[in-house]
Amino acid sequence: MPKFLKNKIDPYIIDVIGRLRAAGFETYLVGGAVRDILLDRTPKDYDVSTAATPEEVRRVFRDRHTLIIGKRFRLVHLIRGRDITEISTFRKRPEQEDQADRPKRCENAPENMIFHDNAFGSSRDDAFRRDFTVNAIFYDPVDDKIVDYTGLGVSDLRAGIVRTIGDPALRFEEDPVRVLRAIKLVGQYGFTMEPETGRAVRASLELICHASPSRLSLELEKILRNSYTGEILKAFHDYGFLRFFLPELDDVFETPQMDYSLKLLALRGERIRGGIFRASLSTAVAMVALPFAEAELGQTEPGGLWDYYAGVETDLRHVVLRLFHPLVLTHRTTSDAVNNLLMQLRFKSHRKLHSLADRKGYPGAREFALIQNILTWHIPDFEDSCPLPVRTAGASKKRRRGHRGGRRGGNGNQSQAEQTVHAAAQAADSGSAAIDSERDSIV
Ligand code: ATP
Ligand code: MG
């Protein structure tokens, strides 16, 4: 185990955990951030778990910059600028549900499906209510100490194994979103499934139809913001899961258009990981849709775009909505994605680029165009001719609820102005399909 893992963590998070600890509450860093620091990747956001109740957490921070969210699964959002840290109270695994307690719309759901999971518990309980061993590793940055209650988290992470905690078939029935989360780990990290977990995943694919649409839309958003979007979609397709999750995309997955989308996403992912591009949701949506829009508008080769005509926006919008059906992207995300697509024509033709400076979606569209230039356009000096616009920092105040933070920290490859633009665009891009107050159980 490497020493001084805490050096890889944002000092602000260490301070947050330190304050809860100093107030007498056992507290850990949990979830994806622990996975990432142990794998030497940069965490994209931080989840904290504590013995303090949501009200106690607020008191520790003197009610400042905190918001209690969620109706059933209540947790605290600690807000710093555009970033939100989720602080949840240790929970325990729910008892078997009484059939009478099920929401009416879920009467046909699997027998063991869980709808309520809000009972507080100990840190050990909290580890065992989590989905996979690699997701149940706790890290205490104050004492630089790993707590691995399942005893398998760290070794599974080292070996790259996805293993459910407890009986896989039961855990997937309890919450079918875990099927998606298991395959996502395969795509994002190149992990393999432990055999029993793999068998249960394959036998449980169809259960996803019982998951709530708002949770699935939230998972889709997270996948599209992820720098491994293409790899995750490929894993979904390989496992036969995409058919149930995004059937329209599955139908066209083995086409030259999808190959082109995956190439765009791969180049974008490399640049997000290098800190050069933003993890923009609408740009990812536009990259998936572009080749299909081109085909629909008469292009035989990806990269050729289309000739502008009045009403093209509506046609582009239909392509976007169709590909992600039945999941619903927010109106804002769809509009920004369409905007990104429309702007490709302007970039390719190099017309009046200076007049685009204040357009919403311009940085994302520019990043998109840079990648298209590498793949197909090959316009010399393209990057120099479309610099990023300089904007004021004001737009970053528009933080929207539901945003769970993004790429953090400065980055050596960008000027101050670029960082400001990226910050503003990321804030504007953060409309989340998940509605906090309706957050479904089991998070
Ligand atoms: P990401 O890097 O995509 O955020 P993550 O594992 O942190 O991945 P989150 O949705 O942020 O995913 O969840 C944080 C943690 O909460 C997970 O690591 C896991 O321990 C727990 N968790 C999330 N969803 C479930 C679930 N459906 N069932 C059990 N535990 C879950
Ligand atoms: Mg997380």
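Order of listing sets the numbers, starting from 1, for every ligand and every atom in it.
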Please work out whether any backbone atom (N, CA, C, O) or any side-chain heavy atom from C-beta onward of [X] is under 4.0 Å from ligand 1, and answer side chain, backbone, both or neither.
| X | value |
| --- | --- |
| Arg91 | neither |
| Asp131 | both |
| Val177 | neither |
| Arg130 | both |

Any nitrogen or oxygen of [X], side chain or backbone, less than 3.5 Å from one on ligand 1?
| X | result |
| --- | --- |
| Arg178 | yes |
| Gly32 | yes |
| Asp36 | no |

Shortest non-hydrogen separation from Arg91 to Asp126 and the atoms involved: N-OD1, 2.8 Å
Numbered atoms of ligand 1 (with element) below 4.0 Å of [X], judged on heavy atoms:
| X | value |
| --- | --- |
| Lys44 | 1 (P), 2 (O), 3 (O), 4 (O) |
| Arg129 | 29 (C) |
| Arg215 | 27 (N) |

Spatial distance of atom CG (Leu375) from atom NZ (Lys263) [nearest 0.5 Å]: 7.0 Å
Glu174 near ligand 1 by a heavy-atom separation under 4.0 Å: no
Nearest neighbour of atom 24 (N) of ligand 1 from the list Lys222, Glu219, Lys184, Arg181, on a heavy-atom basis: Arg181
All side-chain hydrogen bond (donor to acceptor under 3.5 Å, both in side chains) counterparts of Ser261, not counting sequence neighbours: none
N/O/S atom of Asp45 inside 2.8 Å of the Mg ion (ligand 2), strictly under: no
Neighbour count above 12 (heavy atom, 6.0 Å) for Glu270 CD: yes
Neighbour count >12 (heavy atoms, 6.0 Å) for atom CZ, Arg243: no
Partner residues of Asp131 under the salt bridge (Lys or Arg N to Asp or Glu O under 4.0 Å) criterion, sequence neighbours left out: Arg181
The single option from Thr333, Ile223, Thr330 passing side chain to side chain contact (heavy atoms under 4.5 Å, CB included) against Leu281: Thr333
Positive for ring-ring contact (aromatic ring centres under 6.0 Å, His included) with Phe245, one of Phe324, Phe253, Phe236: Phe236
Which N, O or S atom of Asp47 lies nearest to the Mg ion (ligand 2), by name: OD2
Residues Thr255, Phe292; criterion side chain to side chain contact (heavy atoms under 4.5 Å, CB included); working and verdict: CA-CA 10 Å; Thr255 58; Phe292 298 101; 3.8 Å; yes
